[in-house]
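Counting begins at 1 with the first residue of the sequence. Keep in mind it's a predicted model, so treat the numbers as computed, not measured.
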Amino acid sequence: MSFPLLTATAALPALGAIATAAVPAARRVAAKWLALLVSLGTLALAAVTLVRFDPGGDRYQLTESHPWIADFGVRYELGVDGIGVALVALTALLMPFVILAGWHDADPQETGSKRWRPTQGFFALILAVEAMVIISFEATDVFLFYIFFEAMLIPMYFLIGGFGDRAHEHGDEAAATQRSYAAVKFLLYNLVGGLIMLAAVIGLYVVAGNFSLQEIVQARADGSLHMATNTERWLFLGFFFAFAVKAPLWPLHTWLPNAMGEATAPVAVLITAVVDKVGTFAMLRFCLQLFPEASKWATPAILVLALISIIYGALLAVGQRDIKRLVAYASISHFGFIILGIFAMTSQGQSGATLYMVNHGISTAALMLVAGFLISRRGSRLIADYGGVQKVAPVLAGTFLIGGLATLSLPGLAPFVSEFLVLVGTFARYPAVGIIATFGIVLAALYTLVLYQRTMTGPVKAEVAEMPDLRVRELLVVAPLIVLLIFLGVYPKPVTDIVNPAVKQTMSDVHETDPQPEVEAAK
């Protein structure tokens, strides 16, 4: 048997979570270093997976398949296509930065909190989330995917509710109530989506007789499995609803600003840059592949919802007074672009959407982590409490600016390429939708530049006059992300070469081809 690389990539952080949680309470620093080393080891395994993946080879590679619950047709099946391997790499890449950025977030002496905060538990929960997200990107058995799709809610609930924002960590009972509210709202929204999906998963088993994604797709392609139109549509809606909550898509988005606002900055990155990507990824892997006709049937309604997410999220971001909630609403707008690209049903749109998942993860991590460093210095999330920071902390202000410019998709930075592909792919099939979506770019420029202007420029406020610049640990977190944003903005080919073959196969699954230009080029 070949080495089970995919299992190892998910198992290492899972075992690391157990080992980190078992570190004695007096060895907080040892727990941190153990978590960091485990995340670096997982990154190494993800890098090996990426190197061994052949974009021109089989659709699913490095596959593993073992009997699990044989009486119900459930198997332990793993495999990655170009989209899955790119997102596994993104997840593994971001985790060391999340851990470094949150180095002191669970230390009572650092936060000023009088509550007992188990440092080991904080880092163990982060590693547990990493393990569950990675196996979700690898699972090709629908039931196996569902288990980890739901299980990741548990550690996320405790990370949001148990380890709140340091800016509100001074024994304030109201702040504790807000954290609890945000955590419960996150859990309930996603649990409702998951329960509806469970009904659809059971329905799929009744129709198909197994949970294997590859077998079901193949059976549908060769005609040995036929779904009645109404059955397919109901099953599609059950899956899509759960993924739209996770993504999140308007009007199922309201849990995200609360969760990101009350979580620490690294946990906020974990939510929007990692966990939420499972929702958009699953739309590509499960909705389009399992239910191609229903996907096309639902496309007009989904495009409208995506447009509303783009414009609505951006408008609310413009009016925010809280830095972290602004980034949360900006992310809702960005997820609208991703879903727009997926359901534009063009190769440019879906390639752009996949690339957007990667680039959004990096850009949001950069902006939110720098914002977290800023908030930890001042002790406030309110934009109005800042001013003139660039004069006293120029490196912090410079990295904040680059993260913000990436968020508005400035040419030369990674998100520009993905957003451009999404808009081109959408315009090719739905010109009016593409034109309306473009207004989201204008609004992104508005909320990003206004945020920078109000926090970093102008007279230096007395409360920030002594603010220190980024420290070495913080530079180690931010600098690699900035380099990646610039590199992928100038040269996105390494990612597009990996994802494009998978996108073409997905287009084939839904029986769609790219629309041809109406005017032929001059000969």
Side-chain angles (χ1 to χ4, degrees), residues 93-105 110 165-167 260-261 263-274 317 320-331 334 359-410 413-415 444 447-458 460-461 463-464 467-489:
L93 173 69
L94 291 179
M95 283 303 161
F97 302 122
V98 167
I99 289 171
L100 272 177
W103 200 251
H104 297 301
D105 283 0
E110 294 290 337
D165 187 353
R166 291 183 293 179
M260 289 184 65
T264 63
V267 173
V269 170
L270 202 59
I271 295 169
T272 190
V274 177
Q320 289 303 306
R321 296 181 298 172
D322 183 309
I323 297 173
K324 292 168 70 177
R325 289 178 70 90
L326 186 152
V327 178
Y329 280 110
S331 291
H334 295 150
N359 291 338
H360 174 262
I362 299 170
S363 62
T364 298
L367 179 61
M368 180 58 82
L369 292 179
V370 177
F373 298 148
L374 178 69
I375 291 167
S376 68
R377 285 160 165 74
R378 174 67 177 83
S380 172
R381 303 188 325 224
L382 298 179
I383 296 172
D385 288 342
Y386 297 87
V389 174
Q390 67 180 10
K391 296 177 183 177
V392 298
V395 178
L396 188 155
T399 53
F400 190 81
L401 177 61
I402 295 174
L405 293 176
T407 298
L408 64 83
S409 299
L410 184 77
L413 295 175
Y447 63 68
T448 299
L449 296 178
V450 168
L451 172 64
Y452 184 83
Q453 179 190 34
R454 292 179 178 175
T455 55
M456 301 296 165
T457 65
V460 178
K461 289 199 172 185
E463 294 83 358
V464 303
M467 181 177 287
D469 214 333
L470 292 183
R471 302 179 179 91
V472 174
R473 173 180 61 85
E474 296 165 336
L475 282 171
L476 288 174
V477 171
V478 177
L481 297 174
I482 298 298
V483 171
L484 275 173
L485 286 174
I486 296 171
F487 175 77
L488 292 177

Do the side chains of [Y] and [X] get nearer than 4.5 Å, heavy atoms only?
{"X": "Phe97", "Y": "Val269", "value": "no"}
{"X": "Met368", "Y": "Lys324", "value": "yes"}
{"X": "Val389", "Y": "Met456", "value": "yes"}
{"X": "Met95", "Y": "Leu270", "value": "yes"}
{"X": "Leu369", "Y": "Leu481", "value": "yes"}
{"X": "Ser363", "Y": "Leu413", "value": "no"}
{"X": "Arg377", "Y": "Leu396", "value": "yes"}
{"X": "His104", "Y": "Arg473", "value": "yes"}

Looking at [atom1] of [X] and [atom2] of [Y], how far apart are the two atoms once the value is rounded to the nearest 0.5 Å?
{"X": "Leu367", "Y": "Ile402", "atom1": "CG", "atom2": "CD1", "result": "11.5 Å"}
{"X": "Leu408", "Y": "Leu451", "atom1": "CG", "atom2": "CG", "result": "11.0 Å"}
{"X": "Leu326", "Y": "Met260", "atom1": "CG", "atom2": "CE", "result": "10.0 Å"}

>> Pair Met467, Leu374 - check side chain to side chain contact (heavy atoms under 4.5 Å, CB included), show working.
In response: CA-CA 9 Å; Met467 181 177 287; Leu374 178 69; 3.8 Å; yes
> Between Gln390 and Tyr452, do the side chains contain an N or O donor and an N or O acceptor separated by less than 3.5 Å?
Replying inline: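 The answer is yes; a qualifying pair exists.
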>> For a quick check under 3.5 Å, do Thr272 and Thr364 share a side-chain donor-acceptor pair by atom type?
In response: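 Their side chains do not contain a donor-acceptor pair, so the 3.5 Å distance test is not met.
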Determine the minimum heavy-atom distance between [X] and [Y], stating which atoms define it.
{"X": "Ser380", "Y": "Asp385", "answer": "OG-OD2, 2.5 Å"}
{"X": "Ala414", "Y": "Asn359", "answer": "O-ND2, 2.9 Å"}
{"X": "Tyr386", "Y": "Lys461", "answer": "O-CE, 3.5 Å"}
{"X": "Ala263", "Y": "Ala268", "answer": "CB-N, 4.1 Å"}
{"X": "Pro415", "Y": "Leu485", "answer": "CD-CD2, 4.2 Å"}
{"X": "Thr407", "Y": "Ala330", "answer": "CG2-CB, 4.5 Å"}

> Run the side chain to side chain contact (heavy atoms under 4.5 Å, CB included) check on Leu93 and Leu484 step by step: do they pass?
Replying inline: CA-CA 11 Å; Leu93 173 69; Leu484 275 173; 3.4 Å; yes
> Residues two or more places apart in sequence or in another chain: which of them pass side chain to side chain donor-acceptor pair (under 3.5 Å) with Thr448?
Replying inline: none
> How would you list, by chain and number, every residue that makes a side chain to side chain donor-acceptor pair (under 3.5 Å) with Thr399, sequence neighbours excluded?
Replying inline: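 Thr399 satisfies side chain to side chain donor-acceptor pair (under 3.5 Å) with no residue once adjacent residues are dropped.
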>> The criterion is ring-ring contact (aromatic ring centres under 6.0 Å, His included); which residues satisfy it with His334, sequence neighbours excluded?
In response: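 His360.
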> Do other residues, nucleotides or ligands put more than 12 heavy atoms under 6.0 Å from Arg454 CZ?
Replying inline: no
> Looking only at atom types and distance, does a side-chain atom of Arg381 sit under 3.5 Å from a main-chain N or O of Ile375, one as donor and one as acceptor?
Replying inline: no
